[in-house]
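The structure appears right after this line, and notes come after that.
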Amino acid sequence: MILLSYLPIFIFIPLGFQLLNNFHLGGFGIFIEFLSSIVNPKINIEILINLFGRLKETIFIAFASWILSITFGIILGILSSDIFFELFKIPKTLKIFLRGILTILRSIHELVWCLILMQLFGVNISVGIIAICIPYISINAKVFCEQLESISYEQYQSIISISSNRFSTLITLIWIPFSDILQNFGIYRLECSIRSATILGLFGIGGIGTNILLNFKALNFNELWTYLWALALLVIITKALFNNLKFRYLEPNKSIFLFIIFITFFIYYFFFVFNFFINSNINLSYFFETFTFRNINISLNEFLDMSFSTILISLSATAIAISLPPVLFLIFDNKFMIYIFRIFAFWLRLIPPTIVILILLIFNQPSFALAALTLGIYNAAITLRLLNINLNEINKDLYEGIISFGSSRRVGWIYGLFLKQAKSYLAYCAYRSDIIFRETAIVGVIGGKGLGWQLTESLSSFAWEEVTFILIAYSSIAMVGEFINGKIKSNLN
Amino acid sequence: MTEALIELKNISFKYKNSYIIKNINLKIFEGNQIALIGKSGSGKSTLISLLNGTLIPTSGNIKFFNLPFHKLDNSQKSKISTIWQDLRLIEDLSAEQNVNCGLLGKKNFLFALKNLLSISSYRKAHEVMKICKISPSIFIKKIINLSGGQKQRIAIARSLIQEPKILLADEPFNNLDPELTNLVIKLFLNEENQNYIRISNTILIALHKIDLIENFNRIIGLKNGTISFDLSKGELKDNLLDDFYEFSEEN
Amino acid sequence: MNKINFRFLKSSLLLFFFLYLFSEPLKAKEKILKIGAIPDQNQEILDKRFNLLSEELSKQLDIKIKYVPVVNYVAAVTAFRTNSLDLVWFGGLSGVQARLQTPNSIVLAQRDIDKKFKSVFITNKKLSIKRTTNINDLKLLTKYRFTFGSENSTSGRLMPQYFLNIAGVELTDFNGQTVGFSGSHDATIALVNSGAYDAGVLNKQVWDRNMKKNPTRVKNATVFFITPSYVDYHWLAQGNLDQKFRNGFTKELREVILNLNPKNKNQKLILEMFNAKKFIKANSEDYKEIEFIARKLKKIR
């Protein structure tokens, strides 16, 4: 277990070698300027007005996609669960079909959905909302569905033998698992939505991301940091507001109040997006007319090469995300350093990986290692937070016991603390690597390598055949990844 | 002759290549108050699961209200109530919510929703809980925080509020002290008139202790998955019982 | 007391948050002429330029006009195809792409300078490479890290790549086997000036303007080679503007743009921001060569 968590750190050796090879000091000045602007954001009335306008768009996209994806995620989560099919006696083939569709939907990153939908519908806030919703609904549905597996067969039997109404049975059984998951996972998804809305902004959908990218491209670092700080505040404030909501312990009238608010928002957002759909005049014939496979300009060799490097980026990034946090905790075992890492990790989670890779590109050639490193470190920031929370929650007796034998604190940490956590940590990492496989698209699109680069090139040449081809490749890589991870996870449990 | 409420014909149940229930024939009529006795492992719980339709027999026929199980509609199914040996309460809901679950067979979806949101409280549930000696202070406590005896009484209350035609109970006195056991037996046998609920006059209770059986009007002995005897109260002789238990102890 | 205040604060904050969200208006169905532009320069420059132009057009044509910023070239082409933009300032390549995808669109005008447009290859001064007029000297750049502007820029990518090909240079020949795409002309200057890239290529107009107005921004960069001339930027309008606004609207719009006059104070400012003396007539025939090159370089399929 420990070996499994620590061994992947050696991926740094080949990656570091490639990075050093491509490193140059040319952009050092810009980087210093970037760093020194952290404490010196530019603030004036004009920027503030702009900022609030942009912030509003981001909040709108994030909140709408959150509410829509949670609601539809719940519905689809129930519809694809074993218990639903058992209760309503629906043929199992339908379940396999539904789950298959959901797997395909989530195998493609929201950014890629956004790029496609933008081609179909043009640039619009609703496009951003839909793009985030598609994979999010599917991810939520999967998580909710997995949570429903915690309902025991005994409980199911006892309620079904009492109840005459299947819907009553269903809601009584899923109530507790659902309020649990809404509490933990639901609020976490809001944070994800904000992050995704920002990333989509980087690709033109509007909101704060758009300004972050524009300011970065213009190298206006002071203004860039104004927006980054605003984003940080937004995440912190939303978290503070929603973390205190404990759904299960709410007084009934309060939970009804919340429920009504939720439904109102849902209806409002639903019609907002629906309205857009009705009013948009999408011209599909354009796509069919130009769609000929003769136009594909990628040789099989190139294609395999790109797919291979995409997989390699994902794997290396996963390795970093798994092993970096435990290594850091082991090397720096004092509270102060861990605090520093946590702040660092917070910023890493906040700054879209796209911007991170742009910053790194200032003094690095685009390379495979750079993409892997960016993605890896970004995800390590997330696993680090999880590991830290888990470590703080567990009982420290064993750790103290081992230290009292006279072992070093580091040995104590490994055997007394980390070993207890390793299993659930690795299980989470397996889930995380699903996400990493999807996210490879983002870094690829911006500056690394792999299929992402080809995707931008094909999109900018409006070569739909190539785009389709690449999407199928992306989707199959992610699906194979998810399949393997499913096996790993079930072995871990 | 009256129709049997539940009729078992040549029922066998096989689990992992060994028969747990072998070739049982049984008719349960209205008014039967049956004590099902037998050592642990004799197949009592399995028989109860067969009687409430949870398990499907490997061979043989069961008829409920003269219909096979799959032809029953849901409201007919909910007329058979079970107190499970492992209780099967929803651990994270409160005591009152769990008792209300017993009403799911009669009420609509809105009731289920209201119950989960704990918006309304039902007088009936309160009364049943009072009958079962559940103190109001634990109404809102979660099951997970209650003692074994408290949980047992909540499971009983959940079944009683269902007002079933047939009540099946698997060792319902497990966690109860003698005083409460007596009270519950009286409840089951409807010896005290209740104003708020109608208690079924057809019950089947699995017991492993024989000291309670004089309260019942029909006693069935189960041994190694077959019915060893099926007698009315008057027919039961002490030596028969002794034989039954001695014999099984030798096994 | 303190606790109550805290709760009050929290709930009012929540309320404010929700109201804020609700205030996002559903799309107004007003008739607005939406102007867009390819993001070839820093957004603040574009904002100023096109907001000023919008005001002027709005005044003369008596309609509502909104300038909608776009993040990349592809988005501008798409927005035009999906009717999200009515009038767009396109580059040569993006304009041709847009026209192929939106067949009934109309080329309105171009600047006087667009008839003979040029790109300029620049290098960081530290490299101390001498300026040249021989196109074959572009081979010298392959030793270095090189950046284009945007992927779909005519002056920042398409034509420079074409000239590099003439000199026998492929994109994979550069240091690191690849080239960068800075995203805009200003970004190219900044990246080469700082040394993040050794060399780059951009629109000569933007270079000249920076030399004049922002000498510090270009102090570490120097000209290496100036390309032969070609046609570039133009205004492209949707074909349905007459139906949308009023009969003859497209013609009026073209007249207003063509008649922008440096004698008027406001109009002079606009023309200055476009680096032009005036706008002149243009038609789609002018861009045949661009289309030919774009097809050759697989930017148009």
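Every chain is numbered from 1, with letters handed out A, B, ... down the list of sequences. None of these values were measured; they are calculated from a predicted model. Computed from heavy atoms alone, side chains included, the values below leave out hydrogens, waters and symmetry copies.
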### Query
So what's closer than 4.5 Å to chain A heavy atoms on S81(B): side chain, backbone, both or neither?
neither
### Query
When you look at CZ of F257(A), are more than 12 heavy atoms from neighbouring residues, nucleotides or ligands closer to it than 6.0 Å?
no
### Interatomic spacing from OG in S179(A) to CG in L116(B) - rounded to 0.5 Å
9.0 Å
### Message
Any heavy-atom pair between the side chains of Q157(A) and T82(B) that's under 4.5 Å?
### Response
no
### Message
Contact between L113(B) and W175(A) at the side-chain level, heavy atoms closer than 4.5 Å - yes or no?
### Response
yes
### Task
Measure the spacing between OG1 of T172(A) and CZ of F111(B) and express it to the nearest 0.5 Å.
8.5 Å
### Query
Counting only heavy atoms not in K77(B), do more than 12 sit closer than 6.0 Å to its NZ atom?
yes
### Query
For the atom pair NZ (K107(B)) and OG (S168(A)), what is the distance rounded to the nearest 0.5 Å?
11.5 Å
### Query
To the nearest 0.5 Å, how far apart are CZ in R88(B) and OH in Y156(A)?
12.5 Å
### Message
Report which part of I80(B) has an atom under 4.5 Å of a heavy atom belonging to chain A: side chain, backbone, both, or neither.
### Response
backbone
### Within 6.0 Å of OH in Y122(B), more than 12 heavy atoms from elsewhere
yes
### Task
Determine the option with the most heavy-atom pairs under 4.5 angstrom with chain A, choosing from A112(B), P164(B), S78(B), G105(B).
G105(B)
### Message
Rounded at 0.5 Å granularity, tell me how far CD1 in I90(B) sits from OG in S158(A).
### Response
6.5 Å
#### Entry: Neighbour count >12 (heavy atoms, 6.0 Å) for atom NZ, K95(A)
yes
### Heavy-atom closest pair, residues W84(B) and S161(A)
CZ2-OG, 4.2 Å
### Summary
Bottom line for I159(A): the part with an atom under 4.5 Å from chain B's heavy atoms is side chain
### Task
Verify the neighbour count for atom CZ of F262(A): are there more than 12 heavy atoms of other residues, nucleotides or ligands below 6.0 Å?
yes
### Query
So which part of L110(B) gets closer than 4.5 Å to some heavy atom of chain A, the side chain, the backbone, both or neither?
neither
### Message
Please check if the number of heavy atoms outside F97(A) that lie under 6.0 Å from its CZ is greater than 12.
### Response
no
### Query
Do other residues, nucleotides or ligands put more than 12 heavy atoms under 6.0 Å from K114(B) NZ?
no
### Query
Just wondering, do N165(A) and L104(B) contact through their side chains at under 4.5 Å, heavy atoms?
no
### Task
Kindly check if the number of other-residue, nucleotide or ligand heavy atoms within 6.0 Å of CD1 (I263(A)) is above 12?
yes
### Summary
Whatever's closer than 4.5 Å to a heavy atom in chain A on D86(B) counts as side chain
### Query
Can you tell which of I160(A), T169(A), I162(A) has the highest number of heavy-atom pairs within less than 4.5 Å of chain B?
I162(A)
